[in-house]
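Everything below concerns the one structure shown next.
The sequence lines fix the lettering, A, B, ..., with proteins before strands; numbering per chain opens at 1.
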There are 2 protein chains.
Amino acid sequence: METYGDGGLGLLGDPTRRAIFEILARRPSSVGELAERLPVSRPAVSQHLRVLKDGGLVVSHAEGTRRVYRLNPEGVAGLRAWLDGVWNDALTAFQKAAEAAPDDPEEEVP
Amino acid sequence: METYGDGGLGLLGDPTRRAIFEILARRPSSVGELAERLPVSRPAVSQHLRVLKDGGLVVSHAEGTRRVYRLNPEGVAGLRAWLDGVWNDALTAFQKAAEAAPDDPEEEVP
DNA sequence: ACGAACGGTAAGCATAGACTTACGGATGTC
DNA sequence: GACATCCGTAAGTCTATGCTTACCGTTCGT
């Protein structure tokens with residue numbers, strides 16, 4: 001459940017994992033359904049799901065013999081939080097640079 | 001300059017690259033400055049910057065012999081756009097599931 | 001109770017890619 | 001003009017990890 005410092009963003013570096021993430025965003029799916037839509041084997045999907053689950057980006061719930069996975073709202077919120085943080089930092093930096101140096105004297109921090 | 005379909009998110013999978021990204025969010029920096037703050041060599045930083053630049057997440061401008069890198073607002077906007085898309089998809093899916101199945105009959109798509 | 005469907009895990013491999021050292025080109029300084 | 005600084009690129013190594021096959025446990029149907 002612990003969300004990462006980077007909002008779990010590191011987990012989405014892999015294309016297959018991103019694809020799984022995007023599919024789950026549109027509709028909760030079982031492992032088999034995901035494997036059908038992807039060019040990898042079912043165990044591969046299972047392994048990715050494990051990583052995503054450990055990272056808090058998805059949750060699963062048993063339904064008969066099937067395990068239905070769906071996005072974890074808190075996980076996505078973590079991603080947004082991280083990105084918003086970076087975004088705010090960038091805005092602040094830009095603003096500071098714009099008002100403190102209208103004619104580019106020095107950009108150093110003593 | 002082309003932004004990716006995933007908003008360039010795949011580029012931030014690597015921890016070092018994320019670190020560079022976060023540093024640049026707080027303050028534009030030269031290659032050497034980044035290398036000083038990171039546990040990798042200068043060429044490594046240079047290579048990461050190339051990837052980030054090709055992905056449209058950062059921009060550079062020459063300043064004497066130094067190359068100052070800073071975040072590209074459009075790139076960050078691309079990230080936000082991708083994440084918002086996933087977020088909206090997830091919301092829609094959740095809403096649809098909630099109103100179409102108050103008592104869980106079938107979750108299948110014929 | 002038996003068989004089938006579904007999925008998690010182990011072991012192993014193979015490729016991507018992150019890092020280093022070495023080099024060369026451009027710019028600024030004396 | 002010579003030297004120093006800063007940076008990008010090439011070549012090569014090595015590790016992380018994504019994928020596959022094989023196996024086993026669990027749950028449902030008949």
Practice task
Ignoring backbone atoms, establish whether A/H48 has a side-chain N or O less than 4.0 Å from OP1 or OP2 of D/dC19.
Solution key: yes
When rounded to whole Å, the CG to P distance for the pair A/D14 and D/dG18 reads 5 Å
Atom NE2 of B/H61 and atom P of D/dC7 are separated, to the nearest Å, by 12 Å
Side-chain atoms of B/V40 come closest, of D/dT27, C/dC19, D/dC7, to C/dC19
Is the shortest distance from a Lys or Arg side-chain nitrogen in A/R27 or B/D89 to a carboxylate oxygen in the other one below 4.0 Å?
no
Comparing nearest nucleotides in DNA chain D, the 5'-proximal residue of the pair B/P43, A/S41 is B/P43
Between CZ of A/R67 and P of C/dA5 the distance, given in whole Å, is 18 Å
Return no unless some side-chain N or O of A/S30 is found under 4.0 Å from OP1 or OP2 of C/dG7.
yes
### Message
Would you say B/R17 places a side-chain N or O within less than 4.0 Å of OP1 or OP2 belonging to C/dA18?
### Response
yes
Rounded to whole Å, CD of A/E36 lies from P of C/dA5 at a distance of 14 Å
Between C/dG8 and A/S46, is there an OP1 or OP2 to side-chain N/O distance shorter than 4.0 Å? yes
To the nearest angstrom, the CD1-P distance between B/I20 and D/dC7 comes to 13 Å
From CG of B/L38 across to C1' of D/dC7 the rounded distance in Å is 16 Å
Item to complete: Report yes if at least one side-chain N or O of B/R50 is closer than 4.0 Å to OP1 or OP2 of D/dT9; otherwise report no.
Response: yes
Next on the checklist: At less than 3.5 Å, do the side-chain atoms of A/Q47 and the base atoms of D/dT20 form a donor-acceptor pair?
Outcome noted: yes
Taken to the nearest whole Å, CG/B/L52 to C1'/D/dC7 is 16 Å
Q) Would you say a side-chain N or O of A/Y69 is under 4.0 Å from OP1 or OP2 of C/dG8? A) yes
Can you say whether a donor on the side chain of A/R42 sits under 3.5 Å from an acceptor on the base of C/dG7, or the other way round?
yes
Rounded to whole Å, CD of B/E33 lies from C1' of D/dC7 at a distance of 13 Å
